[in-house]
Student: 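One structure follows; several queries about it will come next.
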Amino acid sequence: MVAFLRLACHGKPDCSVCNQGYAVIADTAITYNGAMPRWEPDAAGRLHDAALALFTEQGYERTTVAQIAERAGVSERTFFNHFTNKRDVLFGQTSQKQKDVVAREIAACPESTPPLEAVLHGLQAAADEVLGAFRVPARPRREIINVTPELQEREEGKRAALAATITSALSRRGTDEKAAAITAGLGLVVQQAAEAQWVRPDEQRPLRDLLAEALSHLRTIIDEAPDDDADHP
């Protein structure tokens with residue numbers, strides 16, 4: 001911006017217009033309502049943190065987009081450049097990335113990999129690449145969702161979309177459509193169980209380890225289930 005003003009005046013260093021313009025720009029850019037500079041990077045991350053703090057302090061319903069933007073030190077226009085609405089702040093950053101990574105890793109598994117193992121591999125990769133950085137905010141986020149019906153509906157939609165992604169990825173590998181859908185459902189059970197443990201204050205293990213543990217528990221339950229064919233020869 002400064003370079004542009006000096007160029008407009010042919011680069012004269014003593015131009016009073018340039019000097020005055022620079023002073024005004026510097027004054028307005030350095031502070032924004034006492035908050036952070038508008039050009040500071042990671043606006044989406046700061047909006048996420050601001051929203052989470054406000055949702056915790058005063059509740060989801062009472063929080064507005066204007067309040068989130070002000071807390072983050074950006075304009076409402078910047079908010080809408082990153083998110084569709086305040087609900088999207090809690091889901092928009094990770095949902096699509098998680099689906100992309102899971103689908104990519106399932107597709108990359110060798111043909112000999114059993115479907116459920118391929119799903120675990122995809123979920124673990126997403127845990128490492130996408131979700132791991134959000135462990136600390138994941139705890140208050142879960143509490144907010146648990147007491148907000150609107151967010152619970154959005155969470156269900158997110159799970160359904162992930163299940164559809166897994167089903168499609170398995171089908172492309174040659175898994176029968178019905179088996180792919182069942183496997184995707186089991187994958188979601190594993191994901192939910194692992195995440196519930198992951199956000200506990202006393203839990204320190206990474207999500208990828210908890211996913212493997214959850215799958216192990218699921219297999220134990222399935223192995224212990226009675227065999228109906230054994231009772232009906």
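Computed from a predicted model, the values in this text were never measured in an experiment.
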Student: Checking side-chain polar atoms at under 3.5 Å, does Gln152 have a donor or acceptor matched by the opposite partner on Glu156?
Tutor: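 No donor-acceptor contact under 3.5 Å links the two side chains.
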Student: Checking the side chain of Thr63 only, and the main-chain atoms of Gly59 only, is there a donor and an acceptor separated by less than 3.5 Å?
Tutor: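 Here the side-chain-to-backbone pair exists.
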Student: Please identify each residue that fulfils salt bridge (charged side-chain N to carboxylate O under 4.0 Å, His left out) with Glu61, with sequence neighbours left out.
Tutor: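 In terms of salt bridge (charged side-chain N to carboxylate O under 4.0 Å, His left out), with neighbours along the sequence ignored, Glu61 is linked to no residue.
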Student: For the CG atom of Leu116 and the CG atom of Leu170, what is their distance to the nearest 0.5 Å?
Tutor: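 Reported value, rounded in 0.5 Å steps: 9.0 Å.
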Student: Among residues at least two apart in sequence or on other chains, which ones pass salt bridge (charged side-chain N to carboxylate O under 4.0 Å, His left out) with Arg154?
Tutor: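 Partners of Arg154 by the salt bridge (charged side-chain N to carboxylate O under 4.0 Å, His left out) criterion come out as none, since no residue qualifies.
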Student: Determine whether the aromatic ring centres of His48 and Phe134 lie less than 6.0 Å apart.
Tutor: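 Yes.
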Student: Hey, is Arg159 close enough to Glu155 for a salt bridge, meaning N to O under 4.0 Å?
Tutor: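 Judged by the 4.0 Å cut-off on N to carboxylate O distance, Arg159 and Glu155 do form a salt bridge.
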Student: Report yes or no: does Ser168 contribute a side-chain atom to a donor-acceptor pair with the main-chain N or O of Thr165 at less than 3.5 Å?
Tutor: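 Side chain of Ser168 to backbone of Thr165: no pair is present.
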Student: Quick one: side-chain contact (heavy atoms from CB on, under 4.5 Å) partners of Pro114, sequence neighbours excluded?
Tutor: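 Per chain and number, Pro114 pairs via side-chain contact (heavy atoms from CB on, under 4.5 Å) with Glu117.
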Student: Under the 3.5 angstrom rule, does the side chain of Arg71 hit a backbone N or O of Ala50 as a donor-acceptor pair?
Tutor: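 Judged by distance alone, no pair lies under 3.5 Å.
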Student: Roughly how far apart are Glu153 CD and Ile145 CD1, rounded to 0.5 Å?
Tutor: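 Glu153 atom CD to Ile145 atom CD1 measures 12.5 Å (nearest 0.5 Å).
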Student: Please determine if Arg205 and Glu203 form a salt bridge, counting it only when a charged side-chain N lies under 4.0 Å from a carboxylate O.
Tutor: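 Result for this pair is yes, salt bridge flagged.
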Student: Hydrogens and angles aside, do Gln67 and Gln58 bring a side-chain donor and acceptor to less than 3.5 Å of each other?
Tutor: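 Result is yes, a qualifying pair exists.
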Student: Consider only side-chain N and O atoms of Gln96 and Asp100, and report whether a donor and an acceptor are under 3.5 Å apart.
Tutor: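 Gln96 vs Asp100: donor-acceptor pair found between side chains.
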Student: Going by an N to O cut-off under 4.0 Å, is there a salt bridge joining Glu129 and Arg104?
Tutor: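 Salt bridge: yes.
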